[in-house]
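The chain is numbered in sequence order, starting from 1. Counting starts at 1 for both ligands and their atoms, following the listed order.
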Amino acid sequence: MTQDELKKAVAQAAVEYILPKLESDTIVGIGTGSTANFFIDFLAEHKALFDGAVASSDVSAERLKKHGIPVYDLNSVDQLAVYVDGADESNAKLQLIKGGGAALTREKIVTASADEFVCIADQSKWVKTLGAFPLPVEVIPMARAYVARELIKLGGDPVHRRGCITDNGGEILDVHGLNIEDAPGLEAAINQIVGVVSNGLFARRPADVLLLATETGVQTLRA
Ligand code: 5RP
């Protein structure tokens, strides 16, 4: 199977996973990226079953609106039953690296607001140790060089993602060369650097469920 076929398979499995949870007043948290896009497209077939969505990016919000799914501001919503999003890497604890699409901060906010975080990924994202995928860090633009120097002290090799401005007006440093044994510790340490908006480690709040598309089917994994 191609990677896109695996992404479609896991997106369809995610729709089936959340269908029993949908009620007329349910608002679904929706992530960002190509896997999330497939999920949006499949979910749209069931739009009559739920109220609407909160999106983790302007791009996802536009896609939802094109399908006729109402998009809510998170500030107008009390609690999200479920958040569905992709990832760049997952380990067996369902700790993730996210942010390949530069939406990490909003993804983290929506994750924090959700009762259940369902991560959807193809098998290429499954790793023993996080860090082969460069860790995205969103920074306030004027702090970029300072934060980069601090990230070097933490053992990383930060590279400015040129031309990328996030939905929040931030910039992205992609940190190469990390072999992340203590993901919650590193997540907290990076958050302590002045000028960091957020980082792409989802370890203090990992996924609750990982739907992982493999050649032999979609596996449902819990930590
Ligand atoms: C965007 C993300 C995505 O979930 C991650 O990059 C995976 O993307 P894709 O589904 O296209 O492989 O974190 O910020």
Measuring only between side-chain heavy atoms, which start at C-beta, is Leu96 closer than 4.5 Å to Asp88?
no
Inspect the surroundings of NZ in Lys125 and state if more than 12 heavy atoms from other residues, nucleotides or ligands are less than 6.0 Å away.
yes
If we only count N/O pairs under 3.5 Å, is Ala103 in contact with ligand 1?
yes
With heavy atoms under 4.0 Å as the rule, classify the contact between Ala121 and ligand 1 as side chain, backbone, both or neither.
neither
All heavy atoms of Ala213 vs all of Leu6, minimum pair found to be CB-O, 3.3 Å
For atom 3 (C) of ligand 1, grab the closest protein heavy atom and report residue, atom and distance to one decimal in Å.
Thr32 O, 3.2 Å
The protein heavy atom nearest to atom 2 (C) of ligand 1 is Glu107 OE2, 3.3 Å
Going by the order shown, which atoms of ligand 1 are within less than 4.0 Å of some heavy atom of Ala102?
14 (O)
Give yes or no for whether the N/O distance cutoff of 3.5 Å, strictly under, is met between Gly99 and ligand 1.
yes
among protein heavy atoms, the one nearest atom 10 (O) of ligand 1 is Thr35 OG1, 2.6 Å
For Lys98, atoms of ligand 1 separated by under 4.0 Å from a heavy atom
2 (C), 3 (C), 4 (O), 13 (O)
Would you call Asp85-Lys98 a salt bridge at under 4.0 Å N-O?
yes
Residue pair Arg161 / Leu173, side-chain heavy-atom distance below 4.5 Å:
no
Here the atoms of ligand 1 under 4.0 Å from any heavy atom belonging to Asp85 are 4 (O)
Closer than 4.0 angstrom: is that true for some heavy atom of Ala87 and an atom of ligand 1?
yes
For atom 5 (C) of ligand 1, which protein heavy atom lies nearest, and how many Å away is it?
Asp88 OD1, 3.2 Å
Note: ligand 1 atoms sitting under 4.0 Å from heavy atoms of Gly100 are 6 (O), 13 (O), 14 (O)
Considering only protein heavy atoms, which is closest to atom 12 (O) of ligand 1, and at what distance to one decimal place?
Lys125 NZ, 2.7 Å
Counting both backbone and side chain atoms, is some N or O of Ala36 under 3.5 Å from an N or O of ligand 1?
no
Is it the case that Lys7 places NZ or CZ above or below the six-membered ring of Phe38, under 6.0 angstrom from the centre and within 45 degrees of the axis?
no
Cationic N near anionic O, under 4.0 Å, Lys108 to Glu138
no
Should we count CD of Glu23 as having more than 12 external heavy atoms under 6.0 Å?
no
Verdict with reasoning, Tyr83 to Asp115, per side chain to side chain donor-acceptor pair (under 3.5 Å)
CA-CA 8 Å; Tyr83 176 56; Asp115 291 336; over 6 Å; no
Taking only heavy atoms of Lys7, which atoms of ligand 1 are found under 4.0 Å from at least one of them?
9 (P), 11 (O), 12 (O)
On a heavy-atom basis, I'd like to know which of Ser34, Gly33, Ala11, Gly86 is closest to atom 11 (O) of ligand 1.
Ser34
With a 4.0 Å cut-off on N to O distance, would you call Glu171 and Arg144 a salt bridge?
yes
